[in-house]
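Taking it in order: structure first as structure tokens, then the write-up.
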Amino acid sequence: MAKSQTSVGSEEPSSSRPWESYHTVYTNAKAGMEGVDKQKVQRVVYEMSKGSKYFENEEKKDAYMKQKIENMRAQYSKLTPQDISHHQKMADKRILELEATRDLSRIWLHVDMDAFYAAVETLCNPSLKGKPVAVGSMSMISTASYEARKFGVRAAMPGFIARKLCPELLFVPVDFQKYTHYSNLTRKVFQNYDLNFLAASLDEAYLDITSVCKERGITSGEVAEELRQSVHLETGLTCSAGVAPNRLLAKVCSDINKPDGQFVLPNDRSAIMTFISSLPIRKIGGIGKVTERILKDVFGITTCEDLLQKSSFICALFSRSSADFFLSVGLGLGGTDTPQYKMRKSISNERTFSATADEALLFQKLVDLSEMLSADMIKEGLFGRTLTLKLKTASFEVRTRAVTLPSYICSSEEILKHASKLLKAEFPVSLRLMGLRMSHFSDDKNGIPADPTQKTLSDFILSGDVSGGKMSDYRPLVSDFCDNTFSVDLNSYPTYSAETSCDLRDSSMENQTSDSTFSCTILGNINEEVNGTVVPQSSEPRAKVHEPTNTDHKMKFEKIDSYTGQLEACPRDNWQNGFSCVDEEAGSISDQKQFFVWVDDYKCSICGIELPPSFTEERQEHSDFHLAERLQGEESGHNLRSFVPQQRAAQKGHTGSSGRLKKKQKSSPTTSKYVPIDAFFVKTNQNF
DNA sequence: GGGTTATACGCAC
DNA sequence: TTCCAGTGCGTATAACCC
């Protein structure tokens with residue numbers, strides 16, 4: 001932040017120094033950057049960024065921020081003396097309550113490894129010693145050595161900007177295996193002081209050293225000194241430590257004498273209040289670039305002491321939880337208990353790539369993400385029901401789209417099934433990042449059990465294993481899916497022959513792999529059957545393979561019209577919107593429909609549920625269920641599900657998202673047919 | 001009106 | 001030459017549902 005402004009209207013940039021109003025995180029005080037020419041850094045970052053899409057997006061965000069600040073200022077100025085008096089009383093009361101929670105009985109130590117990644121790399125390659133080193137890439141730097149920091153180079157800075165600041169900067173790629181190894185060594189040391197230490201990251205930890213100090217009759221400073229020496233002996237790396245009555249302050253303290261230093265704040269209220277009084281709010285964990293700017297520009301708050309002095313305004317303009325946090329900071333309060341094991345709340349992965357609007361490419365990335373997420377979830381035994389798709393457009397706009405499902409899932413097929421619907425609703429769009437996050441985990445982990453032998457989607461696609469063992473010779477080239485003809489339509493891919501899942505025990509399949517229990521049940525397009533739609537078949541295979549001469553399985557592919565959901569003959573050069581394949585020898589779809597009938601076009605012949613013909617989707621889903629039920633029974637005798645159709649129909653009417661979906665229908669016709677449905681069931685007549 | 005869901009955003013490392 | 005990350009948590013807000 002180049003300007004220090006605390007009054008309304010002081011935001012206007014100097015026309016001769018436009019970089020001064022370009023808000024970056026890079027000028028925030030960080031250990032090892034005390035002597036840095038902030039003006040120069042600010043100017044270089046501005047010049048390197050100016051005109052880019054990233055820059056344009058930052059300007060948009062900045063405009064939004066200015067508006068937000070203006071709105072808060074307006075609220076601020078509208079407060080009457082009576083309002084202020086009222087809120088002051090509330091604030092005073094709250095301060096007393098918070099003060100009553102102060103606990104000075106514990107001694108917390110925060111350890112922070114010095115420039116950890118860079119230090120490890122230097123340790124492994126001594127030729128880097130004394131040189132400016134950046135761990136990361138031209139896109140992003142994870143850690144900078146102290147030598148590099150003198151030039152203004154720091155973590156979270158793009159490499160190309162860092163190189164401009166420091167042309168002799170040496171880049172080293174990240175190597176998490178290495179860092180994990182050294183992190184484990186440090187943790188062995190930490191255990192000697194607190195068995196229940198809290199690891200904040202690979203290079204940070206909080207230790208409750210109250211007992212150690214007491215039992216050994218030594219001061220907290222002596223413990224910190226000894227611990228740091230032990231870490232150095234064990235790893236060859238230096239670290240810094242902060243000691244204080246709570247974790248929030250301990251973290252602030254560990255930064256004071258960085259690197260290779262320590263600072264002890266005694267367990268004494270007046271010492272704490274003195275310490276906190278002049279402390280810049282940005283030093284507090286949880287107060288970042290945006291919060292700092294709001295507090296400074298709206299209230300004129302720059303130090304922790306100011307938070308108490310402006311307590312009435314804070315209570316007037318912030319939510320209860322935010323106000324509590326700010327007042328706690330002003331009092332120097334923080335966590336003192338040893339928190340119980342915290343359950344993970346979400347699990348995610350995301351990838352940045354060259355911006356593209358190619359839907360086939362984007363889908364392939366979604367396939368990859370689904371597999372990665374599923375693998376991570378299976379590894380941790382997690383089942384989740386809220387799936388969030390994160391997108392970053394070519395212009396750096398970030399969007400998230402979420403869906404909450406009626407049941408818990410973890411398989412890549414199901415993740416992809418739902419993620420693809422979310423993604424398709426966004427098309428056309430040019431993206432540079434996609435991510436998937438699962439949250440809302442099952443408490444008792446009673447989701448559908450994970451099948452460790454389950455094939456991945458890539459196995460599925462790349463092996464062409466869509467008809468069980470009969471497809472063992474089918475080996476599509478990766479390029480089949482990477483050009484514009486990639487069209488394993490992710491909403492239609494499970495629309496293969498109903499027999500496919502029954503053929504999983506085919507001998508050729510068994511020969512192929514011992515773990516071929518393919519738990520993704522592949523269904524026929526029942527809708528087509530029920531409605532008696534003629535299914536024209538292309539006379540030519542969709543995906544030519546290395547050895548296309550094997551015609552034993554007579555693979556047929558049909559394009560599914562993206563808008564009507566109808567199957568139609570698919571010219572080879574027009575496989576844009578999806579295809580399904582039917583293995584004629586594996587059993588025709590019409591064979592499958594015989595078992596299922598709507599009596600009087602109204603009543604299910606199997607379970608008796610009544611669904612009028614106009615309930616097209618519900619009937620589709622219902623028939624899918626019975627078919628899958630039958631197929632699963634035929635396949636293995638395993639009853640993977642105990643969910644009866646009636647229950648599903650009932651649940652469907654009460655899904656929390658149904659109302660929102662109704663709303664979405666207005667603006668997003670591509671999602672209008674979306675109803676969260678259960679595992680193993682995919683409708684094929686959707687508007688994609 | 002309170003709880004839930006979807007979305008956006010902030011923050012830390 | 002290269003051209004702004006990935007993971008996870010928390011909060012705020014609005015819309016919706018019961």
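So that the names make sense, note that chain A is the first sequence line, chain B the second, and so on, each numbered from 1.
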### Message
If you assign each of Tyr64(A) and Gly285(A) to its closest nucleotide in DNA chain B, which residue comes earlier from the 5' end?
### Response
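Looking at DNA chain B, the more 5' nearest nucleotide goes with Tyr64(A).
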### Query
Between Glu204(A) and Lys68(A), who's closer to the 5' end of DNA chain B by nearest nucleotide?
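Its nucleotide being nearer the 5' end, the pick is Lys68(A).
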Spacing of [X] atom [atom1] relative to [N] atom [atom2], expressed in whole Å:
X         : N       : atom1 : atom2 : value
His440(A) : dA6(B)  : NE2   : C1'   : 13 Å
Lys251(A) : dA12(B) : NZ    : P     : 8 Å
Leu382(A) : dT7(C)  : CG    : P     : 15 Å
Tyr206(A) : dC13(B) : OH    : P     : 7 Å
Phe326(A) : dC11(B) : CZ    : P     : 9 Å
Arg247(A) : dA12(B) : CZ    : P     : 16 Å
Glu397(A) : dA8(B)  : CD    : P     : 8 Å
Lys61(A)  : dG10(B) : NZ    : P     : 7 Å

#### Entry: Exceeds 12 heavy-atom contacts within 6.0 angstrom, atom CE of Met138(A)
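Yes - once you tally the heavy atoms of other residues, nucleotides and ligands closer than 6.0 Å, there are more than 12.
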#### Entry: Residue closer to the 5' end of DNA chain C, Lys390(A) versus Ser321(A) (nearest nucleotide)
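Taking each residue's closest nucleotide, the earlier one in sequence belongs to Lys390(A).
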### Whichever of Leu433(A) and Lys345(A) has its nearest DNA chain C nucleotide further upstream toward 5'
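The 5'-side residue here is Leu433(A).
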Which listed nucleotide ([options]) is nearest to the side chain of [X]?
X         : options                 : answer
Arg351(A) : dT7(C), dG10(B), dC9(C) : dT7(C)
Thr400(A) : dA8(B), dC13(B), dC4(C) : dA8(B)
Arg282(A) : dC9(C), dT7(C), dA12(B) : dA12(B)

### Working for salt bridge (Lys or Arg N to Asp or Glu O under 4.0 Å), residues Arg73(A) and Glu70(A)
CA-CA 5 Å; Arg73(A) 280 175 172 162; Glu70(A) 280 309 313; 2.9 Å; yes
#### Entry: Residue pair Ile281(A) / Leu295(A), side-chain heavy-atom distance below 4.5 Å
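Counting from C-beta outward, Ile281(A) and Leu295(A) do come under 4.5 Å.
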### Message
Are Gln67(A) and Asn71(A) packed together at the side-chain level, in the sense that at least one heavy-atom pair is separated by less than 4.5 angstrom?
### Response
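A side-chain contact exists here, since the closest heavy-atom pair is under 4.5 Å.
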Counting the atoms with a prime plus P, OP1 and OP2 as sugar-phosphate, which does [X] contact under 4.0 Å by heavy atoms, base, sugar-phosphate, or nothing?
X         : answer
Met65(A)  : sugar-phosphate
Ser322(A) : sugar-phosphate
Leu202(A) : nothing
Leu391(A) : nothing
Lys392(A) : sugar-phosphate
Thr291(A) : sugar-phosphate
Ile141(A) : nothing
Ser52(A)  : nothing

### Query
Looking at Phe441(A), is Lys345(A) sitting on its ring face, NZ or CZ under 6.0 Å from the six-membered ring centre and within 45 degrees of the normal?
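Judged by the rule (NZ or CZ under 6.0 Å from the ring centre, within 45° of its axis), Lys345(A) is not positioned above Phe441(A).
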### Summary
With sequence neighbours left out, the residues meeting side-chain hydrogen bond (donor to acceptor under 3.5 Å, both in side chains) with Thr291(A) are none
### Query
Would Glu397(A) and Arg399(A) pass as an ion pair if we require N to O under 4.0 Å?
yes
N/O to N/O distances under 3.5 Å, protein versus nucleotides 1-3 of chain C:
from: dT2(C); atom 1: O4; to: Arg163(A); atom 2: NH1; distance (Å): 3.4

May I ask you to evaluate whether [X] reaches the phosphate of [N], defined as a side-chain N or O under 4.0 Å from OP1 or OP2?
X         : N       : value
Thr404(A) : dT5(B)  : no
Thr386(A) : dT5(B)  : no
Arg437(A) : dG6(C)  : no
Lys289(A) : dG10(B) : no

### Residue pairs involving residues 156-175 of chain A (criterion salt bridge (charged side-chain N to carboxylate O under 4.0 Å, His left out); sequence neighbours excluded)
Asp175(A)-Lys178(A)
### Message
Using 30° and 60° as the class boundaries, would you call the ring planes of Tyr117(A) and Tyr179(A) parallel, tilted or perpendicular?
### Response
parallel
### Task
Measure distances between side-chain N and O atoms of Arg344(A) and base N and O atoms of dG8(C), and say whether any donor-acceptor pair falls under 3.5 Å.
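There is none.
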### Separation of the C1' atoms in dC11(B) and dA5(C), to the nearest angstrom
15 Å
